[in-house]
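Here's the structure, in structure tokens; my notes come after.
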Amino acid sequence: MKPPPFEYHAPRTVGEALEALADAGPDGKVLAGGQSLIPLLNMRLAAPARLVDINRVSGLDTLTADRKGVRVGALARHAAVERSEAVAERQPLLRQALRHVAHPVIRNRGTVVGSLAHADPAAELPAVLALLGGTVRVARHGEPERDVPAAEFFAGPMESALRPGDLAVSAFFPALPPGSGTAFCEIARRHGDYALAGVAALVTLDDDLRITTAKAACLGVGPVPIVVDVSAECDRRPAASADWAAVAAAVRDRVEPEDDIHATADYRRHLVGVLAERALRSAAGRASHG
Ligand code: FAD
């Protein structure tokens with residue numbers, strides 16, 4: 001199908017984009033990589049009167065990685081972030097998760113910030129931002145930029161804290177604390193499909209290789225990414241003798257998925273237990289080996 005008619009704007013600067021979005025109000029939509037929005041238009045599930053295409057806006061394709069973390073501009077494509085060695089060094093979970101996002105051809109065009117704005121509960125990057133406690137920087141005509149923490153950014157299925165007129169200009173993924181490791185595991189029916197369920201894990205060890213922090217972010221099992229802190233269940237045990245099956249069971253018991261056409265709630269809960277054990281064990285292994 002073809003999309004419904006819309007007015008098309010192609011601003012060259014952030015200021016022009018914000019003016020166009022302010023003029024459009026609730027009838028406007030940002031077009032970034034188009035990998036989610038264009039299918040929605042073609043299926044007539046969305047019908048914005050005005051599209052503000054940000055692909056020609058200068059200064060939004062930036063990607064910076066330093067000891068504080070990784071800042072990803074609104075036009076940085078999945079593929080660019082996935083391939084960056086500097087990003088992998090400062091925040092390895094991004095590359096680990098991006099390998100599961102769709103197919104290479106979609107990752108060449110889709111943007112990390114677009115994935116966050118789209119807020120699909122089965123998407124990988126919202127879970128990564130939520131696990132790491134990252135932020136989204138939001139610009140709006142006539143107002144100062146604001147940083148929205150992940151815990152407030154994801155409001156519901158396909159619903160973010162972005163209001164009509166807002167432009168997400170970048171996202172920040174904090175660097176890992178020393179002694180940390182991460183891992184990402186998911187199950188999809190076909191490679192490249194959205195996951196039935198997935199788990200991103202972060203484990204931090206002290207100098208004696210005892211577990212100080214263990215957290216999992218679960219996707220596909222709730223309206224937003226579900227972050228579960230299981231540090232207490234690890235009881236500061238040495239990573240080598242942790243009971244990851246018991247810790248993963250604690251993660252599984254804290255999610256409440258629903259039945260849908262793809263899987264039952266019980267099956268999804270079971271998947272979370274299996275994936276949490278794999279992801280936590282692997283994250284701990286990486287933390288142990290520096
Ligand atoms: P767009 O499609 O351009 O926009 C998506 C939404 O976000 C729109 O509402 C748009 O207005 C808004 N938006 C985008 N950028 C901004 C911004 N800077 N400020 C404010 N609002 C903004 N994704 C996954 O996570 N996992 C998958 O497994 C997966 N599989 C896919 C399989 C297929 C076949 C396809 C077609 C897509 C798949 N995707 C998957 C989606 C893909 O990752 C998209 O690229 C991503 O969801 C959106 O990024 P985009 O840049 O294409 O955004």
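Counting starts at 1 for both ligands and their atoms, in listed order.
Counting heavy atoms under 4.0 Å from ligand 1, residue L37 touches it through both backbone and side chain. Within the 4.0 Å heavy-atom criterion, neither part of I38 lies near ligand 1. Here S36 has heavy atoms under 4.0 Å from ligand 1 in both its backbone and its side chain.
At least one heavy atom of V101 sits closer than 4.0 Å to an atom of ligand 1. Ligand 1 has no atom lying under 4.0 Å from any heavy atom of P39. In this structure, G192 has a heavy atom closer than 4.0 Å to ligand 1.
Nearest protein neighbour of atom 13 (N) of ligand 1, counting heavy atoms only, is A117 CB, 3.6 Å. In terms of protein heavy-atom proximity, atom 6 (C) of ligand 1 is closest to H118 ND1, 3.8 Å. Closest to atom 14 (C) of ligand 1, if we only count protein heavy atoms, is G114 CA, 3.6 Å. Summary of contacts: the protein heavy atom closest to atom 46 (C) of ligand 1 is S115 OG, 3.3 Å. Of the protein's non-hydrogen atoms, the one nearest atom 23 (N) of ligand 1 is Y194 OH, 3.1 Å. At the top of the distance list for atom 33 (C) of ligand 1, counting protein heavy atoms only, stands I106 CD1, 3.3 Å. If you check which protein heavy atom lies closest to atom 26 (N) of ligand 1, you get E124 OE1, 2.8 Å. Taking atom 50 (P) of ligand 1 as the reference point, the nearest protein heavy-atom neighbour is G33 N, 3.5 Å.
Contact atoms of ligand 1 toward G34: 1 (P), 2 (O), 3 (O), 50 (P), 52 (O), 53 (O) (distance under 4.0 Å to a heavy atom of the residue). Set against the non-hydrogen atoms of V113, the atoms of ligand 1 under 4.0 Å away are 18 (N). Close approach to G110 involves these atoms of ligand 1, each under 4.0 Å from a residue heavy atom: 45 (O), 51 (O), 52 (O). Atoms of ligand 1 found under 4.0 Å from any heavy atom of D193, numbered from 1 in the order shown, are 28 (O). For ligand 1 and L162, the ligand atoms under 4.0 Å from any heavy atom of the residue are 20 (C), 21 (N). Interface atoms of ligand 1 facing A74, defined by a heavy-atom separation under 4.0 Å, are 18 (N). The contact set between ligand 1 and K29, taken as ligand atoms under 4.0 Å from a residue heavy atom, comprises 9 (O), 11 (O).
V57 and A17 get closest at one heavy-atom pair: CG2-CB, 4.4 Å.
When only interatomic distances are considered, the shortest N/O to N/O separation between A123 and ligand 1 does not fall below 3.5 Å. At least one N or O atom of T111 sits closer than 3.5 Å to an N or O atom of ligand 1. For ligand 1, the polar-atom distance check against D166 finds no nitrogen or oxygen pair separated by under 3.5 Å. Distances between N or O atoms of A168 and those of ligand 1 include at least one value under 3.5 Å.
Salt bridge annotation for E277-R281: present, with a cationic side-chain nitrogen under 4.0 angstrom from a carboxylate oxygen. Between R236 and D206 there is a salt bridge, since a side-chain N of the basic residue sits under 4.0 Å from a carboxylate O of the acidic one. Salt-bridge formation is detected for the pair D260/R268: a Lys NZ or Arg NE/NH1/NH2 atom is positioned less than 4.0 Å from an Asp or Glu carboxylate oxygen. Under 4.0 Å is where a charged nitrogen must lie from a carboxylate oxygen, and between R140 and D166 at least one such pair does.
Formation of a donor-acceptor pair under 3.5 Å by the R90 side chain with backbone atoms of F173 is not found in this model. A side-chain donor-acceptor contact under 3.5 Å links Q91 to the backbone of P174. The closest donor-acceptor contact from the side chain of T212 to the backbone of T204 lies under 3.5 Å. Within the 3.5 Å criterion, the main-chain N or O of Q35 finds no donor-acceptor partner in the side chain of R109. Judged by distance alone, the side chain of S180 and the main-chain N or O of P177 form a donor-acceptor pair under 3.5 Å.
One hydrophobic cluster, built from ILVMFWY side chains closer than 4.5 Å, holds both V70 and L125. No chain of hydrophobic side-chain contacts below 4.5 Å, direct or via other Ile, Leu, Val, Met, Phe, Trp or Tyr residues, connects L131 to F172. In the hydrophobic clustering of this structure, W244 groups with V230; members are Ile, Leu, Val, Met, Phe, Trp, Tyr whose side-chain heavy atoms approach within less than 4.5 Å, directly or through other members.
A distance of 12.0 Å separates CG of L75 from CG of L63, quoted to the nearest 0.5 Å.
Among Q35, H78, R77, the residue whose heavy atom lies nearest to atom 36 (C) of ligand 1 is Q35. Residue nearest to atom 31 (C) of ligand 1, selected from A102, S160, G73: A102 (by heavy-atom distance). Taking each of V52, L167, V30 in turn, the one with a heavy atom nearest to atom 11 (O) of ligand 1 proves to be V30.
Judged by distance alone, the side chains of H141 and E143 never bring a donor and an acceptor atom under 3.5 Å apart.
Screening V199, L275, L219 for a side-chain contact (heavy atoms from CB on, under 4.5 Å) with F184, the sole residue that qualifies is L219.
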